[in-house]
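Scroll down for the structure; my scribbles are underneath it.
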Amino acid sequence: MQAEILFDAQAALGEGPAWDAKTQTLYWVDILGKRVHAWKDGRDDFLQLDEFVGCVAPRRDGGLVAALHASFWTFGRRGDQRAFLASVSEPAANRFNDGKCDPAGRLLAGTMDMEEKSASGNLYSLISNSPPRKLLEGIRISNGLAWSPDHKIFYYIDTPTRQVRAFDYDLDTGDLSNPRVAVDVPASMGWPDGMTSDMEGRLWIALWGGARVSRWDPATGRCEAEIPVPALQTSSCVFGGPRRDILYVTSARVGMDESALAKYPLSGGVFQIQTQTEGMPTFEFAG
Ligand code: CA
């Protein structure tokens with residue numbers, strides 16, 4: 001498997017890729033650039049916002065749901081018709097980071113201290129316009145989220161722990177229980193960041209600082225494959241394309257010095273990897 005450049009976006013902090021099957025569109029965000037990107041038919045358009053955007057997800061009714069600095073919003077198809085859903089009470093230094101919808105249509109999104117020091121982040125679950133529910137607290141950098149093919153296990157990454165934790169997931173209630181460690185990522189591979197899963201139950205994890213994505217078996221904790229990406233700070237990944245077998249990978253330029261940028265000039269780009277695997281779908285927001 002090889003990573004190819006899809007779009008040389010030069011993004012500060014490209015993140016949160018989501019595949020909208022209805023429109024065959026790859027959505028992704030530049031969190032620090034405050035942009036929501038939409039890549040379709042070989043062309044990338046973006047919506048410029050006035051605050052950080054941690055993540056977006058397609059809605060069942062069309063358009064997007066987004067976690068901005070500390071609040072949830074919906075957007076119409078063209079980025080218009082912005083509507084407030086809910087806000088969260090967080091320290092001023094916190095913002096939303098990675099997030100994703102569960103198979104029942106809830107949006108799960110977590111926060112982080114922008115200075116990456118305090119474990120003051122939380123993981124929230126939002127359904128429609130009800131008050132957000134706190135699922136986890138004491139989080140440093142809330143990142144990758146994924147579900148098993150039977151939707152009974154939720155996988156979650158708090159990046160500084162270098163671990164993927166697994167929880168039993170009750171799809172009816174959205175409750176988490178029975179936490180355990182599924183994967184320990186060695187320091188030599190980089191920091192586990194964004195994550196997705198495939199129909200065989202494997203986890204695909206972007207490794208920040210590792211210039212690669214990796215495939216893991218959460219049943220054994222073993223790494224089964226590593227695919228180099230010509231961007232040092234690979235940040236997240238999602239399956240998309242007509243057969244949902246293309247892995248799209250985001251990356252970031254923020255914090256890299258001149259020599260690192262010279263070595264990885266495509267940092268901040270979006271990449272594609274043709275796999276032999278059918279990925280899990282991007283679930284849509286039901287609200
Ligand atoms: Ca991330």
Side-chain angles (χ1 to χ4, degrees), residues 3 9-19 26-37 49 51-57 65-70 90 93-101 107-124 135-136 139-147 154-165 183 185 189-197 203-214 216 229 231-239 247-256 264 267-271 282:
Q10 302 277 304
L13 182 50
E15 276 282 2
W19 179 253
L26 176 71
Y27 289 101
W28 60 284
V29 298
D30 181 348
I31 296 177
L32 301 178
K34 306 175 180 175
R35 290 176 175 180
V36 178
H37 288 260
L49 302 177
E51 60 179 294
F52 297 129
V53 51
C55 61
V56 296
V65 63
L68 302 189
H69 190 124
E90 288 275 309
N94 285 18
R95 64 161 171 79
F96 269 115
N97 199 43
D98 207 341
K100 190 175 286 180
C101 287
L107 176 64
L108 272 67
T111 59
M112 61 175 281
D113 170 17
M114 286 185 276
E115 295 186 355
E116 303 183 1
K117 287 181 182 148
S118 142
S120 58
N122 300 287
L123 178 68
Y124 294 94
L135 295 181
L136 297 171
I139 304 298
R140 292 268 303 279
I141 305 178
S142 187
N143 260 316
L145 315 90
W147 282 266
F154 171 65
Y155 299 101
Y156 178 65
I157 292 171
D158 180 0
T159 290
T161 67
R162 294 192 192 274
Q163 289 178 335
V164 181
R165 274 188 292 167
V183 169
V185 177
M189 292 178 73
W191 297 95
D193 194 332
M195 170 170 61
T196 194
S197 50
L203 302 177
W204 296 70
I205 302 174
L207 294 162
W208 180 275
R212 70 190 96 170
V213 293
S214 50
W216 301 75
V229 177
L232 181 61
Q233 296 173 152
T234 34
S235 57
S236 190
C237 52
V238 72
F239 282 96
L247 189 72
Y248 293 106
V249 182
T250 53
S251 68
R253 293 177 77 76
V254 62
M256 292 175 66
Y264 297 99
S267 288
V270 181
F271 301 85
T282 294

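Just so you know, ligand 1 is whichever comes first in the structure, and atom 1 is the first atom listed for that ligand.
A heavy-atom distance below 4.5 Å is not found between the side chains of W208 and T159.
One of the N, O or S atoms belonging to E15 lies under 3.0 Å away from the Ca ion (ligand 1). At least one N/O/S atom of N143, whether from backbone or side chain, sits less than 3.0 Å from the Ca ion (ligand 1).
W19 meets the ring-ring contact (aromatic ring centres under 6.0 Å, His included) test with Y248; sequence neighbours excluded.
Checked against V29 for a side chain to side chain contact (heavy atoms under 4.5 Å, CB included), the options L13, L49, V56 give a single hit: V56.
Looking at D193 and the Ca ion (ligand 1) together, the shortest N, O or S contact belongs to OD1.
Counting only N and O atoms by type, the side chains of Q233 and S251 include no donor and acceptor under 3.5 Å apart.
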